[in-house]
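Notes follow once the structure below has been shown.
Quantities reported herein were computed from a predicted structural model and do not represent experimental measurements. Each chain gets a letter, A, B and so on, in the order its sequence line appears, and its residues count up from 1. Computed from heavy atoms alone, side chains included, the values below leave out hydrogens, waters and symmetry copies.
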Amino acid sequence: MPCALPPGSGAASLAGCMKLWSQFFIPTLKESPSDAEIASHKLLVRAGLVRKLGGGLYTYMPLGLRTIQKITQICREELDASGAIELWMPHVHPVELWQQGPRWNAAREIMFRADSAGDGKRAGREPEFVLGPTHEEVITPLVKAEITSYRDLPKNFYQIATKFRNEIRPRYGLMRAREFIMMDAYSFDTTDDAAVKSYHAMKAAYERFFRRLGAHAIAVEADTGVMGGSFSHEFMVPAEVGDDDVIYNEASGYAANREKATSALVPADLADAAPAGAVEEFATPGVVTIAALEAAPYSVPGDRQFKTLVFIGDGKPFLVVLRGCDELEEAKLGALGFTLFRPATPEEIEPVLGARPGSLGAVKGTLRNPSALAGVFADHAIRLIGNGTTGANRDGFHLRNVNVVRDLAVTKFGDFRRVRPGEPDPKSGQPLQVRRGIEVGHIFKLGTKYSEKFGAVFTDDQKQSHLMVMGCYGIGVSRTMQAVIEQSHDADGIIWPWNCAPFQVLVCVLDPQLPEAMDVAKSLAAAAEQAGADVLVDDRVERPGIKFKDADLIGIPLRLTVGGKGLKEGVIELKWRAQKDVAKIPLAEAAARVAAAVAEARAKAGA
RNA sequence: CGGGGUGUAGCUUAGCCUGGUAGAGCGCCUGGUUUGGGACCAGGAGGUCGCAGGUUCGAAUCCUGUCGCCCCGACCA
C-alpha cells in the first residue's frame, strides 16, 4: 500500500494521501467497450478502474486498485478481529502436492500448468508445477509439519492473494476471471464442535465485512456434497446478472442456493399408497419421452410417471428415479459419495437395463443385470405417485400399476429433484421464491478430508493422536468490487458506498487557474482529510460539463464544488453522489460543514 | 469443449451482400473563440482492414485455414 496506516488507527483508510486529479491517472471513457455486456463491467472500464489484457485477465488501474485495497483492508481487519492469522503462500505449486490431494482429478482441468522447461521437452507429460486455484493442498502439509500439539490449536490462517483458474468461459469482466483476487482462509481445530465454532466465527466475520463494505450480501445455505449437514454457506449479492439462483422465503428466513434448496413437497406423515393392482405391461411404440407418454392415447400425466436416469459413478452404473414432472438437480448426487460421475451413454445402459433410454425403469425383475448396479436412488417425491407408470426395460413397452413400495428396487431414498418456485418452504410451508445472485463468498466446514490425505494430526492431552478438523473459507475480493458496482450505480455512473470508495471526497475545482479557487479547494480538502476522508482534487483545466460527468461516473460519495461563480457569492457547493440536491455553503462555514459531513458519513458507514 | 456471432485508427463504428482511392464520431496534437452538466471554428497526426494461404489484372470485401474476442450451455470466488 502506498500509505501505511499508523498501527491501531482502525479505519480502512488511505488517509493523508490527497491526490490531484491532474497528477493521478483516471482514464475515463465516454463510450463503453463493445465487449462489456452488463452495467458493472461497462462502468469498471468507463470509470478507468480496470483495463483488459486478455480474456478474464485485467489490470487494476490506480483508481480500481484503491478500492481493492479498501476492500482487502476491511477484510483483513475483520479476520484479524476474529482471531485469524495472515500469511502468504506460493502460487506456483509442485504438482505432486495436488496429485497427493483428494481432488486432483476434479481440479486438474481448471488449473494452469507452469512448467520450468520452456523447450517443450515436457510436452504431453504431467506438468511440474501448477498455478494455485486455491490452497488446501499447500496449507495442510504446512500445518501437518508445523503443528503437532493440541496446545497450538485452534488456528485459522488466511491470505489475500491472486488465484488462477483457467475458466472455460471467462465472463462479465471481473465477475468470472481467470486470474482474480481472493481471500482464502483455512481453520484447524481439535474437535468437530470446535470446528463448528470456527465456522460460525467466520460467518460472523463475513457478515461484519460485507456490512462495513456497504454490500448487501446474504448468507445462503449451500451444497456440501459428500460432507452432508448444513455446514456450507454462500454469501450472495442479489443481482439479476448473477450466475446462481437463490431459493428463499423472506418471512421464514430460509435461503439456499439452487443446488442445496429443498422443499416440504412431501409431507412428513405421508403414508405410502397400497398397490392398486397387478403390474401390467403395455405397448408404447416410439414413445421415448415423458411428454409423449403424457399425450393421447396414453395420457399419463408427468406426475404419475417414474423417470429413470442412468449415471456412471466411479466406473459403475447407478439409477436415479424421479417423478416424470421433476428435474434432476445433479449437484445433489454429490451426496451419494462418488468422486466422479456422469450420465451414461445408451450403449452403456442397454446391457445393464435391457433397453435404451425411453423405456427404462427400476421395477424389480425387469433389469437385465441388476448386480452391475451401484445402487438405485429414488427421490422422496416419487412416494407422492404411489402407483404409476414407468419403462419396462424393453424397448417400446411401459409398465402401469407400478407401486413404489412393492415394485421398485430402491436402494435409498433421498433429495435429488430441483426445487421449483411456489413450492412450500421447508421451514414455514410458505411458498418459495427465486432470485438471481452473485456469489461473493463461501464458507465450508471441510472435516478431515484433507487432514487425512496429508496426515495432519495432533496429540491431545492424553497423548492420543487425532486428525485435525478443518474448515475453508473464501471471499472473491475482485468480484466483490464488481458486485458492489452492480448493486450501486445509476445511469450516470457508480455510486460508491463510503467504505470502499477509492476516494470519499472529490473537490471539484471549476476554475483551477484562479489561485483563490485552488486555495479554497485545498483548505476544504485538508478539512475533509483531517476528518478522516480520502480526498481527490479535480484540478484539471477542463470545462465544467466534463468534470461533472466524470465525477458522476467515478462515483465519489461526496462532491465539493469550488468555482469562480460560487466564490463571488461567497459559497461552495456540497453534493452527495447518491442524492440530487446541492447545498450551498457560505465559505466561512465550509470547512466545519465538510468536516461534519465526513464525520457523519463515517459514523453511518461504521468506518 | 459444443452451438452462434464478430474482428477496420486509442475507443465506438460505416464500408463487405454486388471486388477497383478506407470513411465518420469520440479521443489526441496546433491555433483561435468559448467556459456551471461531455462546447465551437480552422488545421493536423494516426489504419500491416486479426493472421496465413488461395481465387483475381486487382481483395477490407469472395474462398480455405488459423488465432483472438463476445454471446448461449456444463464449472466456480
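For RNA chain B, each stem of at least three Watson-Crick or G-U pairs (distances under 3.5 Å) is given as range with range: B:1-7 with B:67-73, B:10-13 with B:23-26, B:28-33 with B:39-44, B:50-54 with B:62-66.
Glu516(A) meets the salt bridge (Lys or Arg N to Asp or Glu O under 4.0 Å) test with no other residue; sequence neighbours excluded. The side chain to side chain contact (heavy atoms under 4.5 Å, CB included) check on Arg418(A) picks up Arg258(A), Glu327(A), Glu329(A), with sequence neighbours excluded. When the side chain to side chain contact (heavy atoms under 4.5 Å, CB included) test is applied to Val92(A), the partners found at least two apart in sequence or on another chain are Phe129(A), Leu131(A). Listed by chain and number, the residues in a side chain to side chain donor-acceptor pair (under 3.5 Å) with His91(A) amount to none (sequence neighbours excluded). For Asp243(A), the side chain to side chain donor-acceptor pair (under 3.5 Å) test picks out Arg176(A), with sequence neighbours left out. In this structure, the side chain to side chain donor-acceptor pair (under 3.5 Å) partners of Asp184(A), at least two apart in sequence or on a different chain, are Gln159(A), Lys163(A), Tyr186(A). Residues passing the side chain to side chain contact (heavy atoms under 4.5 Å, CB included) test with Arg108(A), sequence neighbours excluded: Trp104(A), Asn105(A), Glu126(A). Residues that satisfy the side chain to side chain contact (heavy atoms under 4.5 Å, CB included) test with Glu330(A), not counting sequence neighbours, are Phe311(A), Leu328(A), Leu333(A), Phe341(A).
Within the nucleic acid shown, Asp552(A) comes within 4.0 Å of at least one base atom, counting heavy atoms only. Residue Arg51(A) is out of contact with every strand shown, counting any heavy-atom pair closer than 4.0 Å. Within 4.0 Å (heavy atoms only), Ser32(A) reaches sugar-phosphate atoms of the nucleic acid but no base atom.
Residue pairs that meet the ring pair (Phe, Tyr, Trp, His ring centres under 6.0 Å) test with at least one member in residues 35-69 of chain A, sequence neighbours left out, do not exist here.
Atom pair Arg577(A):CZ and G37(B):C1' shows a separation of 13 Å (rounding to whole Å applied).
Cation-pi geometry between Arg165(A) and Phe180(A) is not satisfied (NZ or CZ under 6.0 Å from the ring centre, within 45° of the ring normal).
A45(B) and G27(B): their C1' atoms are spaced 13 Å apart (whole Å).
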Under 4.0 Å protein heavy-atom contact, by nucleotide of nucleotides 26-36 of chain B - B base, S sugar-phosphate only = S-------BSB
Would you give a per-nucleotide map of nucleotides 70-77 of chain B, 5' to 3', where B means the base has a protein non-hydrogen atom under 4.0 Å away, S means only the sugar-phosphate does, and - means neither?
-> SSBBBBBB
